[in-house]
Amino acid sequence: MAGKVAERRAALRMKLIDAAQTQIEHGGLSSLKARDLAKEAGCALGAIYNVFDDLHDLALEVNGRTFKKLGAAVTASYAGSEAPRARLIQMSNAYLDFAAAHPKLWRALFDIEMPADGPVPDWYMTSLGGLFANIRQPLSELFPQMDEAELSLMTRAMFSAVHGIVLLGLENRISGVPPEHIRTMIAQVLSRIGPAATA
């Protein structure tokens with residue numbers, strides 16, 4: 001009996017994550033509504049809170065999926081034999097493509113608020129860490145003299161730079177660039193990273 005209860009709970013959990021992903025993909029993070037989720041998943045409103053503490057936890061699950069998909073897209077963007085700058089540019093273009101194809105899911109990764117009084121779940125940080133690992137490797141080749149702390153900061157700085165270009169470009173902000181020039185801007189910045197002698 002306990003096994004069947006666990007199975008039903010697991011099935012409802014997946015239905016709710018699927019429904020939440022659909023809501024966010026169409027309307028953004030702010031569109032996540034418990035009543036709509038319950039209707040889509042075919043459950044009572046209160047059943048949601050038997051599976052998740054709150055909608056924030058449910059949104060985190062969707063973001064975890066998105067991070068994994070984003071990481072897979074970035075990883076698949078290069079063969080591994082290219083020079084480090086070329087890999088950074090290819091990965092950045094893959095990041096741009098993912099953001100353009102899934103704008104609301106992508107924005108939800110950064111729009112969600114993390115609790116100030118509690119830790120971010122380990123699995124969430126692992127998903128984010130996988131994305132950063134893709135950036136870290138070519139940077140370690142470009143800057144072999146850097147220690148781990150410096151390399152970690154450089155990785156985050158590189159991600160922030162590319163993210164800013166993509167965000168401002170896709171949203172066509174006044175301080176950004178037209179969408180058709182985003183790839184050029186990414187290449188202009190990343191082609192100048194690292195020692196001049198390194199390809």
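Placement of I135 and M125 within a single hydrophobic cluster is found when ILVMFWY residues are connected by side-chain heavy-atom separations under 4.5 Å, directly or transitively. When the side chains of ILVMFWY residues are joined at heavy-atom separations under 4.5 Å, either directly or via intervening members, F159 and L153 end up in two distinct hydrophobic clusters.
A salt bridge does not link D18 with R13: none of the charged nitrogens is closer than 4.0 Å to a carboxylate oxygen. A salt bridge does not link D111 to K104: none of the charged nitrogens lies less than 4.0 Å from a carboxylate oxygen.
In this structure, S31 contributes its side chain and Q23 its backbone to a donor-acceptor pair below 3.5 Å. Not a single donor-acceptor pair under 3.5 Å links the side chain of N134 to the backbone N or O of V74.
Using a 4.5 Å heavy-atom cutoff, the side chains of T126 and F67 are not in contact. Two residues are said to be in side-chain contact when any heavy atoms from C-beta on lie closer than 4.5 Å; S92 and L190 meet this criterion. The closest side-chain heavy-atom distance from M158 to T155 is not below 4.5 Å. Contact annotation: the side chain of V162 never approaches that of L96 to less than 4.5 Å [non-hydrogen atoms, C-beta and beyond]. Contact check for F52 versus I17: side-chain heavy atoms found under the 4.5 Å cut-off.
The OG1 atom of T66 lies 13.5 Å from the CZ atom of R107; values are rounded to the nearest 0.5 Å. Rounding to the nearest 0.5 angstrom, the gap separating the CG atom in L151 from the CZ atom in R136 is 4.5 Å. Note: R65 CZ to I24 CD1 = 10.5 Å, rounded to the nearest 0.5 Å. Between the OH atom in Y78 and the CG atom in L88 there is a gap of 9.5 Å [rounded to 0.5 Å]. Residue M91 holds its CE atom at 11.5 Å from CD1 of I186, rounded to the nearest 0.5 Å. Atoms NE2 and CG, on H56 and L29 in that order, are 8.5 Å from each other to the nearest 0.5 Å.
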Give the C-alpha distance, both sets of side-chain angles, the deciding distance and a yes or no for side chain to side chain contact (heavy atoms under 4.5 Å, CB included) between H26 and L105. CA-CA 9 Å; H26 288 113; L105 287 172; over 6 Å; no
Between L37 and L45, does the side chain to side chain contact (heavy atoms under 4.5 Å, CB included) criterion hold? Intermediate values first, please. CA-CA 8 Å; L37 287 170; L45 183 62; over 6 Å; no
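Nearest approach of A34 to I48, heavy atoms of both residues: O-CD1, 3.3 Å. Taking both residues in full, the closest heavy atoms of Q137 and R87 are given as CG-NH2, 3.9 Å, listed atom of the first, atom of the second, then distance. Contact record, S77 with A94: CB-CB, 3.5 Å, taken as the closest heavy-atom pair. For L170 against A100, the heavy-atom pair with the smallest separation is CD1-N, 3.9 Å. Nearest heavy-atom pair across S191 and I89 is N-CD1, 4.4 Å.
Surrounding CD of E40 are at most 12 heavy atoms belonging to other residues, nucleotides or ligands under 6.0 Å away. D147 CG: more than 12 foreign heavy atoms inside a 6.0 Å radius.
The aromatic rings of F98 and H102 are tilted relative to each other, their planes meeting at an angle between 30° and 60°. Ring-plane geometry between F110 and H163 is classed as tilted, the angle between the planes lying from 30 to 60 degrees on a 0 to 90 degree scale.
For the 3.5 Å distance criterion, the side chains of R156 and S152 qualify, holding a donor opposite an acceptor.
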